[in-house]
Amino acid sequence: MNIADMPTSIPSALLPKRRAADVAYDTIEAMISTLALQPGSPVVEADITEHTGLGRTPVREALLRMVSIGLIVQLPRRGLQVSNIDLADHLDVIQTRRALERLIASCAARRATAPQRAAILRCGEAMVQAAERGDLDDYMLADHQLDIVVHQASQNHSAVKCVAPLIVQCRRFWYAYQHEGDVAEGARAHMHLAQGIATGNEAHAMDGANQLMDYLEHFARRIIDQ
């Protein structure tokens, strides 16, 4: 079961409305970020359509969207292919994501509703509990759900649109090299971020975003320096 298929603990009232193309996008994104679709592997529209059970139009729309943000590349005479993980570029991805995550955390701390703050805190707690159990599936599910509510709470659609593909790149990098990661450390950083937003403390929330990016940067440097 991939992230897009997993049940959610977020109240339905807090979930954004989803078109068929959004469902297709989330499913393909989960396949890429969890390495079910390996970097460099071909992407066949008919196979994706069969896997998702959705029509060709929403799948095609989702694939074009992924080409536009670089998760999938279109090669002459070779069709679509999952983009490769670029180690040299990954630190730039994190640096760019850091600026956006700080902005989103600040906006969410100011603008989140009471139900959103409660849901954000529950997601952070779920990540800590999953890390303690060593359950990577539940950990990544809670991480994904935290992103959903924080992004909605921020009400900053421009920042969310920019950060979304960077999150997928980081998630895919983590799955590829997860044996080098410390999920407990990652959970603590997410919890710090969640607490800052839940309490409406912008400085605390931005510090949590910084801690999370520090964790991802140190993780990436361990891989790159090997």
Side-chain angles (χ1 to χ4, degrees), residues 2-4 25-43 62-63 65-75 78 80-106 127 130-131 136-137 139-148 150-151 154 156 158-193 205-226:
N2 63 42
I3 289 172
Y25 181 91
D26 287 350
T27 302
I28 301 167
E29 178 193 278
M31 293 169 68
I32 291 174
S33 64
T34 61
L35 304 182
L37 280 174
Q38 292 281 336
S41 64
V43 178
L63 291 175
R65 187 171 150 201
M66 290 193 159
V67 170
S68 71
I69 61 177
L71 290 176
I72 292 176
V73 293
Q74 190 161 18
L75 302 175
R78 293 175 59 187
L80 301 178
Q81 178 178 297
V82 179
S83 63
N84 288 309
I85 296 175
D86 188 339
L87 292 180
D89 182 58
H90 195 67
L91 291 177
D92 287 340
V93 168
I94 295 172
Q95 184 180 34
T96 304
R97 183 180 169 188
R98 183 188 295 272
L100 291 167
E101 291 286 3
R102 283 172 51 84
L103 174 59
I104 290 169
S106 175
M127 291 191 73
L136 295 183
D137 285 340
Y139 177 87
M140 295 307 292
L141 171 60
D143 180 26
H144 184 64
Q145 292 180 347
L146 180 61
D147 287 340
I148 290 173
V150 169
H151 290 173
S154 75
N156 189 325
S158 296
V160 168
K161 183 177 180 180
C162 290
V163 83
L166 304 180
I167 290 174
V168 178
Q169 296 285 18
C170 290
R171 186 172 287 135
R172 180 170 66 153
F173 188 93
W174 190 89
Y175 265 100
Y177 301 103
Q178 60 183 276
H179 58 283
E180 297 286 346
D182 181 348
V183 292
E185 181 184 352
R188 286 192 296 271
H190 281 91
M191 190 62 190
H192 191 84
L193 169 66
M206 293 172 69
D207 186 59
N210 270 330
Q211 284 190 21
L212 176 56
M213 293 304 104
D214 287 345
Y215 161 70
L216 293 178
E217 182 175 340
H218 295 156
F219 171 64
R221 288 189 184 278
R222 284 200 301 271
I223 303 303
I224 293 170
D225 292 342
Q226 287 179 358

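Note that the structure is a prediction, hence the values are computed from the model and not measured.
Atom CG of Leu216 sits about 4.5 Å away from atom CE of Met213, to the nearest 0.5 Å. Put simply, CD on Glu217 and SG on Cys170 are 11.0 Å apart, with the number rounded to the nearest 0.5 Å. Here CE of Met66 is found 4.5 Å from CD1 of Ile32. Values are rounded to the nearest 0.5 Å. From Leu166, atom CG reaches atom NE2 of His90 across 9.5 Å, with rounding to the nearest 0.5 Å. Going from atom CG of Asp147 over to atom NE2 of His190 covers 6.5 Å, rounded to the nearest 0.5 Å. We find the CE-CG distance between Met206 and Leu103 to be 8.0 Å, quoted to the nearest 0.5 Å.
Shown here for Ser68 and Arg65, the closest heavy-atom pair between the two residues is OG-O, 2.6 Å. Between Ser83 and Gly70, the shortest heavy-atom distance links the atoms OG-O, 3.1 Å. Residues Phe173 and Ile85 come closest through the heavy atom pair CD1-CG2, 3.8 Å. In plain terms, the two heavy atoms of Tyr139 and Ala130 that are nearest each other are N-CB, 3.5 Å. Considering all non-hydrogen atoms of both residues, Ser154 and Val160 come closest at OG-CG2, 3.8 Å. Of all non-hydrogen atoms in Pro165 and Ile69, the two that sit nearest each other are CB-CD1, 3.6 Å.
The side-chain heavy atoms of Ile224 and Tyr177, taken from C-beta on, include no pair separated by under 4.5 Å. At least one side-chain heavy atom of Leu91 sits under 4.5 Å from a side-chain heavy atom of Arg221. Proximity of Ile167 to His151: side-chain heavy atoms (C-beta onward) are separated by under 4.5 Å at one or more points.
For Asp143, the salt bridge (Lys or Arg N to Asp or Glu O under 4.0 Å) partners are Arg171, not counting sequence neighbours. The salt bridge (Lys or Arg N to Asp or Glu O under 4.0 Å) search around Asp214 returns Arg98, not counting sequence neighbours. With sequence neighbours left out, the salt bridge (Lys or Arg N to Asp or Glu O under 4.0 Å) criterion links Glu29 to no other residue.
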Worked check of side chain to side chain contact (heavy atoms under 4.5 Å, CB included) between Val82 and Met31: CA-CA 10 Å; Val82 179; Met31 293 169 68; over 6 Å; no
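Within the 3.5 Å criterion, the main-chain N or O of Ala30 finds a donor-acceptor partner in the side chain of Thr34. Judged by distance alone, the side chain of His144 and the main-chain N or O of Met140 form no donor-acceptor pair under 3.5 Å. Between the side chain of Ser106 and the backbone N or O of Arg102 there is no donor-acceptor pair closer than 3.5 Å. In terms of modelled atom types and a separation under 3.5 Å, the side chain of Asp182 and the main chain of Ala184 share a donor-acceptor contact.
Using the six-membered ring where Trp is involved, Phe219 and Tyr215 have ring planes that are parallel, under 30° apart on the 30 and 60° scheme.
The number of heavy-atom neighbours closer than 6.0 Å to CD of Gln95, taken from other residues, nucleotides and ligands shown, is 12 or below.
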